A.B. asks: 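Below you'll find the structure I mean.
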Amino acid sequence: MIKLFKELKKEAKTIAASQQVPQFYRDADTQLEFSHAMFFDHPLVIRLQEDVLPFLYDEYAHGIYHSKKVAIEAGAIVLKDGDHLPHDSVRELVLLAQFCGLLHDCCRLEDNHALRGSETSRVILNKYPLSERSKDLISESIARHEAFKPEIPIVDDPELELLSGALYDADKFRWGPDNFSTTLWEICDYEDWTLQEIIEKFPNGLEMIKSIESTFRTDTGKKYGPEMIHQGITIGSAIYDRLIEFSKTPEYSTEKKPTPII
């Protein structure tokens, strides 16, 4: 199975590389550059990168790589969608978005992981020089980031609406090309799924990804998210066809062989 995973992961990366770079990365290059610089330069973000490491799950595809991408892209979404807020507020929300990105999956393998992550974020940030309002925004945004849960309306709080939406959308961007070029294979390896189990789960997984398309929350997410989801589905559908092909080969056959008659 390890050999199979390596072959399929390599093929998925090849298919992903053949896709056009999603429009978000072209249209938001300035915002991404600013957010990227903050992620690697801001002393509190650097401190949190170290503090959150013990809570992340690299072996389950929700480690520092995933959190870093969510943090940087959530910051970029805040910059693109935050022009209705004061300039200083937007810069502060970019910082908080990066905190959210680093912390949002700190309880990923626990039941109700968004709520548990929200609670844990308060513990981790207890001694950080942030206002209680900032800690509340981070905690509440993390509590709201999980897919397939009813979205509770936000009333008269544009900062929370933007921050929580940016976290959700940046996280769901990962359901595009990232899902099949990286995430899927690490989860399969962690769960030790057989080829037959993967094949059985795949159609439902594709449907779940399709359902994300209509859930993006920010203007930026609604504009650019569907393209990423479509690319993910394109890659996933091609990989599913290859899984079926592999399952019919003698080496990886999932069909039960008849018991020989003696």
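These figures come from a predicted structure and were not determined experimentally. Note that the numbering runs from 1 along the sequence shown for the chain.
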A.B. asks: At what distance, to the nearest 0.5 angstrom, does CG of Leu195 lie from CD1 of Ile199?
C.D. replies: 4.0 Å

A.B. asks: Any salt bridge between Lys223 and Asp219, counting N to O under 4.0 Å?
C.D. replies: no

A.B. asks: Please report the interatomic distance OG(Ser139) to CD(Glu132), rounded to the nearest 0.5 Å.
C.D. replies: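 Here the interatomic distance stands at 10.5 Å.
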
A.B. asks: In the structure I gave you, are the side-chain heavy atoms of Thr218 and Tyr168 within less than 4.5 Å of one another anywhere?
C.D. replies: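 A side-chain contact is absent here, since even the closest heavy-atom pair is not under 4.5 Å.
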
A.B. asks: Of all the heavy-atom pairs spanning Ala238 and Ile15, show the shortest one and how long it is.
C.D. replies: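 Answer, listing the atom of Ala238 first, then Ile15: CB-CD1, 3.7 Å.
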
A.B. asks: Provide the closest heavy-atom pair for Ala97 versus Val78 in the form atom of the first, atom of the second, distance.
C.D. replies: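 Ala97 and Val78 have their closest heavy atoms at CB-CG2, 4.0 Å.
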
A.B. asks: Is the side chain of Ser35 donor-acceptor paired with the backbone N or O of Ile72 at a distance under 3.5 Å, no angle test?
C.D. replies: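 Such a contact is found between Ser35 side chain and Ile72 backbone.
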
A.B. asks: Under 4.5 Å between side-chain heavy atoms, hopping through other hydrophobics if needed: is there a path connecting Val52 to Leu109?
C.D. replies: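 Yes, one cluster joins them.
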
A.B. asks: Using the salt bridge (charged side-chain N to carboxylate O under 4.0 Å, His left out) rule, collect all pairs that involve residues 170-180, keeping only residues at least two apart or in two chains.
C.D. replies: Lys69-Asp178, Glu73-Arg174, Arg174-Asp178

A.B. asks: To check you understand the geometry: which heavy-atom pair defines the closest contact between Ser118 and Ser121, and what is its length?
C.D. replies: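 So the minimum-distance heavy-atom pair works out to O-OG, 2.7 Å.
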
A.B. asks: What closest approach, in Å, do Cys188 and Ile198 show between heavy atoms, and which atom pair accounts for it?
C.D. replies: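 Taking Cys188 first and Ile198 second, the nearest heavy atoms are SG-CD1, 3.7 Å.
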
A.B. asks: Between Glu197 and Lys201, is there a side-chain N and carboxylate O pair less than 4.0 Å apart?
C.D. replies: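 Judged by the 4.0 Å cut-off on N to carboxylate O distance, Glu197 and Lys201 do not form a salt bridge.
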
A.B. asks: Is the closest side-chain heavy-atom distance between Ile154 and Arg144 below 4.5 Å?
C.D. replies: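 Touching, per the 4.5 Å side-chain cut-off.
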
A.B. asks: Please report the closest heavy-atom contact between Ala76 and Leu32, naming both atoms and the distance.
C.D. replies: CB-CD2, 3.6 Å

A.B. asks: Give a yes or no on whether the backbone of Val21 and the side-chain of Arg26 come within a donor-acceptor separation of less than 3.5 Å.
C.D. replies: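 It does hold such a pair.
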
A.B. asks: Quick check against the 3.5 Å criterion: does Glu227 have a side-chain atom that pairs as donor or acceptor with the backbone of Gln23?
C.D. replies: yes

A.B. asks: Out of curiosity, Lys248 NZ to Ile244 CD1, how far, rounded to the nearest 0.5 Å?
C.D. replies: 6.5 Å

A.B. asks: What distance separates Leu102 CG from Asp51 CG, expressed to the nearest 0.5 Å?
C.D. replies: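 Reported value, rounded in 0.5 Å steps: 10.5 Å.
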
A.B. asks: Above 12 or not: heavy atoms from other molecules or residues under 6.0 Å from CZ of Arg242?
C.D. replies: yes

A.B. asks: State, with a plain yes or no, whether a side-chain heavy atom of His42 is found less than 4.5 Å away from one of Leu95.
C.D. replies: yes

A.B. asks: Please list all pairs passing the ring-ring contact (aromatic ring centres under 6.0 Å, His included) test where one or both residues lie in residues 77-103, with sequence neighbours left out.
C.D. replies: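 Non-adjacent pairs meeting ring-ring contact (aromatic ring centres under 6.0 Å, His included): Phe99-Tyr128.
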
A.B. asks: For Glu33, check side chain to side chain donor-acceptor pair (under 3.5 Å) against everything at least two apart and list the hits.
C.D. replies: none

A.B. asks: Do Glu186 and His62 touch side chain to side chain, with heavy atoms closer than 4.5 Å?
C.D. replies: no

A.B. asks: Taking the side chain as C-beta and beyond, is there a heavy-atom pair between Leu115 and Ile142 under 4.5 Å?
C.D. replies: no

A.B. asks: Minimum heavy-atom separation for Ala12 and Ser181, please, with both atom names.
C.D. replies: CB-CA, 4.1 Å

A.B. asks: Should the heavy atoms of other residues, nucleotides or ligands under 6.0 Å from CG of Asp111 be counted, would the total exceed 12?
C.D. replies: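 It does not: Asp111 CG has 12 such atoms or fewer within range.
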
A.B. asks: Short question: side chain of Ser237, backbone of Thr234 - any donor-acceptor pair under 3.5 Å?
C.D. replies: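 The answer is no, because no donor-acceptor pair under 3.5 Å joins these two groups.
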
A.B. asks: Answer with yes or no whether the hydrophobic clustering places Ile187 together with Phe148; edges join I, L, V, M, F, W, Y residues whose side-chain heavy atoms lie under 4.5 Å apart.
C.D. replies: yes

A.B. asks: Please confirm whether the backbone N or O of Phe216 pairs with a side-chain atom of Asp169, one donor and one acceptor, at under 3.5 Å?
C.D. replies: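 A pair under 3.5 Å: no.
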
A.B. asks: So that I can tick it off, tell me whether Arg217 and Glu151 are bridged by a salt bridge, with the cut-off set at under 4.0 angstrom between side-chain N and carboxylate O.
C.D. replies: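 Answer for the salt bridge query: yes.
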
A.B. asks: Check whether any side-chain heavy atom of Lys149 sits under 4.5 Å from a side-chain heavy atom of Asn112, and report yes or no.
C.D. replies: yes

A.B. asks: Measure from the side-chain N and O atoms of Thr120 to the backbone N and O of Arg116, and report whether any donor-acceptor pair falls under 3.5 Å.
C.D. replies: yes

A.B. asks: Ser134 side chain to Leu130 main-chain N or O, any donor-acceptor pair under 3.5 Å?
C.D. replies: no

A.B. asks: Mark yes or no for whether Gln231, through its side chain, and Gln20, through its backbone, hold a donor-acceptor pair below 3.5 Å.
C.D. replies: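 The answer is yes, because a donor-acceptor pair under 3.5 Å joins these two groups.
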
A.B. asks: Look up atom CD1 in Ile209 and atom CH2 in Trp175, then write down how far apart they are to the nearest 0.5 Å.
C.D. replies: 6.5 Å

A.B. asks: Can you hop from Tyr57 to Tyr65 via hydrophobic side chains spaced under 4.5 Å?
C.D. replies: no

A.B. asks: Assess whether side chain to side chain contact (heavy atoms under 4.5 Å, CB included) is satisfied between Glu159 and Leu93, documenting all intermediate values.
C.D. replies: CA-CA 8 Å; Glu159 291 183 333; Leu93 285 176; 4.1 Å; yes

A.B. asks: If you measure from CD on Gln31 to CG on Asp81, what distance do you get to the nearest 0.5 Å?
C.D. replies: 9.5 Å

A.B. asks: What about Tyr240 and Phe180, are their ring centers closer than 6.0 Å?
C.D. replies: no

A.B. asks: Would you call Arg122-Asp136 a salt bridge at under 4.0 Å N-O?
C.D. replies: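 Counted as a salt bridge, because a side-chain N and a carboxylate O are separated by less than 4.0 Å.
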
A.B. asks: Any side-chain heavy-atom pair from Phe40 and Ile46 closer than 4.5 angstrom?
C.D. replies: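 Phe40 does not reach Ile46 side chain to side chain.
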
A.B. asks: Under the criterion side chain to side chain contact (heavy atoms under 4.5 Å, CB included), I'd like the reasoning laid out for Tyr224 against Lys80: C-alpha separation, chi angles, the key distance, then a yes or no.
C.D. replies: CA-CA 12 Å; Tyr224 300 105; Lys80 281 192 72 67; 4.1 Å; yes

A.B. asks: Kindly say whether Ser164 contributes a backbone atom to a donor-acceptor pair with the side chain of Glu140 at under 3.5 angstrom?
C.D. replies: no

A.B. asks: Are Thr30 and Phe34 side-chain neighbours, meaning at least one heavy-atom pair lies under 4.5 Å?
C.D. replies: no

A.B. asks: For His66, run the side chain to side chain donor-acceptor pair (under 3.5 Å) check against Asp105, Asp58, Thr183 and tell me which one passes.
C.D. replies: Asp105

A.B. asks: Angle class for the His145/His104 ring planes (parallel below 30°, perpendicular above 60°, tilted otherwise)?
C.D. replies: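 Ring orientation, 0 to 90° scale: perpendicular.
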
A.B. asks: Side chain to side chain contact (heavy atoms under 4.5 Å, CB included) between Glu92 and Asp88: does it pass, once the steps are laid out?
C.D. replies: CA-CA 6 Å; Glu92 177 69 13; Asp88 289 345; over 6 Å; no

A.B. asks: Applying side chain to side chain contact (heavy atoms under 4.5 Å, CB included), run through Tyr60 and Glu191 and close with a yes or a no.
C.D. replies: CA-CA 9 Å; Tyr60 196 73; Glu191 298 285 358; 3.5 Å; yes

